Protein chains: 2
Amino acid sequence: MATPVRGMSNRALQAERTRQQILETAQRLFAEHGYDATSIQMIADEMALTKAAVYYHFRAKSDMLHAVMKPGVQRIAALLDEADSLRGRRARIEHVVTGVVDFLVQNRSYAVMASSDPAAKRHDKDEQTTQLARRALALIYGEQPTPAERISFAAAFAIADHLPDLVDLTDEQLREALRTTMLRILR
Amino acid sequence: MATPVRGMSNRALQAERTRQQILETAQRLFAEHGYDATSIQMIADEMALTKAAVYYHFRAKSDMLHAVMKPGVQRIAALLDEADSLRGRRARIEHVVTGVVDFLVQNRSYAVMASSDPAAKRHDKDEQTTQLARRALALIYGEQPTPAERISFAAAFAIADHLPDLVDLTDEQLREALRTTMLRILR
DNA sequence: GTCTATATATAGATAGAC
DNA sequence: GTCTATCTATATATAGAC
């Protein structure tokens, strides 16, 4: 359903393309205005479609939010799996930080919405993102982190919310500064 | 208008009390659901009032947002003024961090909304909060901060967004851990 | 696959009685 | 100061033509 597959009809391929374009537009507008302040109408207008056309591809607005978040959640989950299989705490931290930084640099706007939009928390019923955060925290500081460790962890990854303040940096500047700073904060 | 004053009539005093209660309710709901997802109806229901009664005290929903944010903005601005008058960078950082930490501990929910709700940015037309952040950044790192310094700054103060994850801490635990961690991040 | 048209709900906001 | 009633706009969402 979500992934293009060989053997699809032309119509199905076109539909898949449209679906992806809707998701890209939605992601951009969610990041810019917030989920709640983004209407289906705005998404449709932006793409020169009608609301009904958008509803053909998504049964509900909240499905768009889930679809937009999904790749990021999967990416981070995979990253934690990889880190789990590494030996040594230092190596684990390095792996997670490097992976997260790469992701942030490649998805500058996405991350903002995912981590700070009230709607993201509201619709995260099975607490996927909360559980990812818990896993990452345990991976780095163990099962009984101190208050100061929990706060360091929060600070390091909360940087994602402030990427818009750093638009003037090139990808390389951002990557380097993010990596150094996050590693320093996490010790 | 905003502050209770000796010599007000009983009716005016009652109105002022109601106004304050509306603001407290609004602040709580804004922090919990986000500004956009909080309707006047929800605020009215919570207080056993009618929508029209709420509109008697505030001409528009956005006025409530401004009123809710105002004390925090003023508090931080005053803090920066004080820090400006101090000599020595270390002393300035200490003063700002101590003041911000006190404020965060005393207003655990407030800060979340103010710093991360999309509506807060959208309605911040004269960029009050943006300018406060710029002032604080310059105060700590000077007029030409490096990318890494800007990121450290963002990380230190972005902790505010994650206070809900720390509800289990007592005020004293939170204050101590916040202070230590923020100072460490800012060096 | 995309449209027009519409159902339904609820938002923010106002007028005017009491 | 608070109410009832209502306006207007817009939201999400659906039915059914093409």
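A quick note: this is a predicted structure, and the numbers were derived from the prediction, not measured. Below, chain A is the first sequence line, B the second, and so on; all start at residue 1.
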Interatomic distance where CG belongs to L49(B) and P belongs to dC3(D) [whole Å]: 6 Å
For the pair made of CD1 in I40(A) and C1' in dA11(D), what is the distance, rounded to whole Å? 9 Å
Tell me whether the OP1 or OP2 atom of dA13(C) has a side-chain N or O from Y55(B) closer than 4.0 Å. yes
Nearest-angstrom distance from the residue atom CG of D45(A) to C1' of dA11(D): 13 Å
Does A52(A) reach a base, just sugar-phosphate, or nothing at all? Heavy atoms under 4.0 Å. base
Within this structure, what is the OH-to-P distance between Y56(A) and dC18(D), rounded to whole angstrom? 19 Å
Between dA11(C), dA11(D), dA13(C), which nucleotide gets closest to the side-chain atoms of A60(B)? dA13(C)
Can we say R135(A) and D81(A) salt-bridge, meaning some charged N sits less than 4.0 Å from an Asp/Glu carboxylate O? yes
d(CZ, F58(B); C1', dT2(D)) in whole Å: 16 Å
Using the rule given for side-chain contact (heavy atoms from CB on, under 4.5 Å), can you reason through M69(B) versus D124(B), listing the C-alpha separation, both sets of side-chain angles and the distance that settles it, and then say yes or no? CA-CA 10 Å; M69(B) 307 253 312; D124(B) 186 26; over 6 Å; no
With the threshold set at 4.0 Å, does a side-chain nitrogen-carboxylate oxygen contact exist between R134(B) and D165(A)? no
Looking for any heavy atom pair under 4.0 Å, which part of the strands does A12(B) touch: base, sugar-phosphate only, or nothing? sugar-phosphate
Without decimals, in angstroms, what is the distance between K51(B) NZ and dA9(C) P? 15 Å
Tell me what T38(B) touches on the nucleic acid: a base, only sugar-phosphate, or nothing, going by heavy atoms under 4.0 Å. sugar-phosphate
Could you tell me how far apart R17(B) (CZ) and dT2(D) (P) are, to the nearest whole angstrom? 11 Å
Flag the pair E176(A) and R179(A) as a salt bridge only when some basic side-chain nitrogen lies within less than 4.0 angstrom of an acidic carboxylate oxygen. no
Does a side-chain N-to-carboxylate-O contact under 4.0 Å join D171(B) and R108(B)? yes
How many Å lie between CG on D36(B) and C1' on dG12(C), as a whole number? 13 Å
Indicate whether OP1 or OP2 belonging to dC3(C) is found under 4.0 Å from a side-chain N or O atom of T50(A). yes
Please check the phosphate of dA11(D) (OP1 and OP2 only) for any side-chain N or O of S39(A) closer than 4.0 Å. yes
